[in-house]
Amino acid sequence: VVKNFSVQYLNQEFTLFIQNGKGNVGRVSSAVIELNGVKVVGPEEFNKQVSMITKPVTLKQQNEIAVEVRSEPGTSIVVTILGILPSVTGVISPQGGTITLEGYASVIFPAGAFSASQNVTVSATSDPETQEDFNVTAEIDETGPRLPYEIRINSGSVAPLTSIDAIFYIPDSFITSLPLTAKIEVFVQILHVGEYEALDNFYYGFSSAFDPSTKTVRITLPPSSFTKLRRPDKTYEAIVLVGTILK
């Protein structure tokens with residue numbers, strides 16, 4: 001497959017993400033990816049155990065990417081190139097408010113979510129540990145392609161007192177690459193701390209709905225989505241990831 005694409009803002013770093021297969025099935029054993037005539041990923045970097053490959057790349061205004069899969073029928077990869085992943089911080093008053101990370105997500109806090117004004121940061125990240133958590137803990141047999149980044153909602157020293165709504169913007173390139181059987185879902189990482197072990201798994205099935213006319217998916221996140229036990233600074237954070245279920 002050979003495709004051409006343009007880039008408007010070149011003064012940033014770019015990263016190539018390769019999702020291998022759909023969950024733990026359909027992974028390729030060999031592939032070659034060339035960018036502007038230069039091989040950036042070779043066959044030796046693929047095998048059935050590799051779920052995600054990331055590489056820094058350099059782009060021009062006009063670019064050509066060529067992808068050759070060398071594996072049995074029924075296997076596939078999803079290739080995405082992203083610039084610097086952004087973040088935005090805003091103040092949410094007791095009356096509520098919205099924080100929008102342009103092109104990625106809008107997070108809506110109702111009145112009463114905080115008893116006093118609170119700084120909230122919404123960011124897009126692609127943390128290898130979080131991506132691996134998804135591979136291990138999501139319901140792998142049903143999951144399909146996913147976006148190569150997660151959205152983090154950090155509310156500082158105070159967790160929201162109510163459920164909040166979030167709207168995620170889905171790129172055209174992701175939607176058009178999906179198989180017909182795929183249903184877009186939002187996965188939320190929930191930490192359960194028991195007497196003998198802690199489970200930090202990704203779950204789907206929350207109240208969410210994909211709107212094809214706006215290319216967005218909306219979800220209601222319960223207060224239990226937030227925990228201060230993952231981060232060394234003990235701030236409250238929710239981690240969500242947009243993926244698919246193969247129906």
Side-chain angles (χ1 to χ4, degrees), residues 1-60 63-71 75-87 101 103-105 122-138 140 143-152 168-178 182 186-187 189 200 202 230-231 237 239-244:
V1 177
V2 178
K3 291 189 176 183
N4 296 286
F5 63 96
S6 59
V7 175
Q8 186 174 3
Y9 303 107
L10 292 174
N11 189 25
Q12 59 178 305
E13 298 175 351
F14 295 94
T15 304
L16 176 77
F17 297 88
I18 305 150
Q19 180 185 334
N20 191 5
K22 303 167 184 176
N24 64 349
V25 298
R27 292 181 180 174
V28 308
S29 55
S30 178
V32 176
I33 299 175
E34 293 186 354
L35 186 60
N36 296 324
V38 177
K39 184 173 73 173
V40 291
V41 183
E44 69 281 358
E45 298 177 72
F46 287 90
N47 61 61
K48 298 291 186 177
Q49 283 69 51
V50 173
S51 61
M52 182 76 75
I53 297 172
T54 62
K55 284 287 185 74
V57 293
T58 301
L59 298 181
K60 306 175 183 178
N63 302 272
E64 180 184 89
I65 186 168
V67 179
E68 179 185 358
V69 173
R70 302 173 178 175
S71 197
T75 59
S76 63
I77 57 176
V78 178
V79 180
T80 309
I81 298 176
L82 295 176
I84 295 174
L85 293 171
S87 67
L101 184 64
Y104 290 86
V122 180
S123 58
T125 61
S126 185
D127 179 71
E129 184 174 337
T130 301
Q131 295 286 326
E132 185 58 28
D133 284 344
F134 181 87
N135 291 337
V136 172
T137 67
I140 297 299
T143 56
R146 67 182 189 272
L147 292 177
Y149 53 84
E150 62 274 356
I151 300 296
R152 297 174 184 266
F168 302 100
Y169 306 102
I170 314 301
D172 282 340
S173 57
F174 181 75
I175 296 172
T176 57
S177 70
L178 294 178
V186 177
F187 295 80
Q189 194 170 18
D200 200 13
F202 276 94
R230 291 194 195 100
R231 293 178 57 90
E237 187 172 72
I239 300 176
V240 294
L241 194 152
V242 176
T244 56

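Computed over heavy atoms, backbone and side chain alike; hydrogens, waters and symmetry mates excluded. Note that the structure is predicted; figures quoted are calculated from it, not measured.
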Query raised in the report: Taking only residues two or more places apart in sequence or in another chain, which ones pass side-chain contact (heavy atoms from CB on, under 4.5 Å) with D127?
Result: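 D127: side-chain contact (heavy atoms from CB on, under 4.5 Å) contacts with E129, T130, E150, R152.
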
[atom1] of [X] to [atom2] of [Y]: how many Å apart, nearest 0.5 Å?
| X | Y | atom1 | atom2 | result |
| --- | --- | --- | --- | --- |
| T75 | R70 | OG1 | CZ | 13.0 Å |
| L59 | Y9 | CG | OH | 15.5 Å |
| T244 | R146 | OG1 | CZ | 9.5 Å |
| E13 | T15 | CD | OG1 | 7.0 Å |
| L16 | T58 | CG | OG1 | 11.5 Å |

Is any side-chain heavy atom of [X] closer than 4.5 Å to a side-chain heavy atom of [Y]?
| X | Y | answer |
| --- | --- | --- |
| S126 | L82 | no |
| V2 | E64 | yes |
| T54 | P128 | no |
| T80 | Y149 | no |

Query raised in the report: Name the one of F202, F134, F168 that satisfies ring pair (Phe, Tyr, Trp, His ring centres under 6.0 Å) with F187?
Result: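 Going through the options one by one, the only one that passes is F134.
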
Query raised in the report: Does S29 use its side chain to pair, donor to acceptor, with the backbone of S71 at less than 3.5 Å?
Result: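 Pair absent, no side-chain N/O of S29 close to backbone of S71.
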
**Report entry** Pairs touching residues 36-47 that satisfy side-chain hydrogen bond (donor to acceptor under 3.5 Å, both in side chains), sequence neighbours left out
**Finding:**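 Counting only pairs at least two positions apart or across chains, the side-chain hydrogen bond (donor to acceptor under 3.5 Å, both in side chains) contacts touching residues 36-47 are N36-N63, E45-K55.
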
Query raised in the report: If you draw a 6.0 Å radius around CD in E68, do more than 12 non-hydrogen atoms from other residues or ligands fall strictly inside?
Result: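 Yes, enclosed.
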
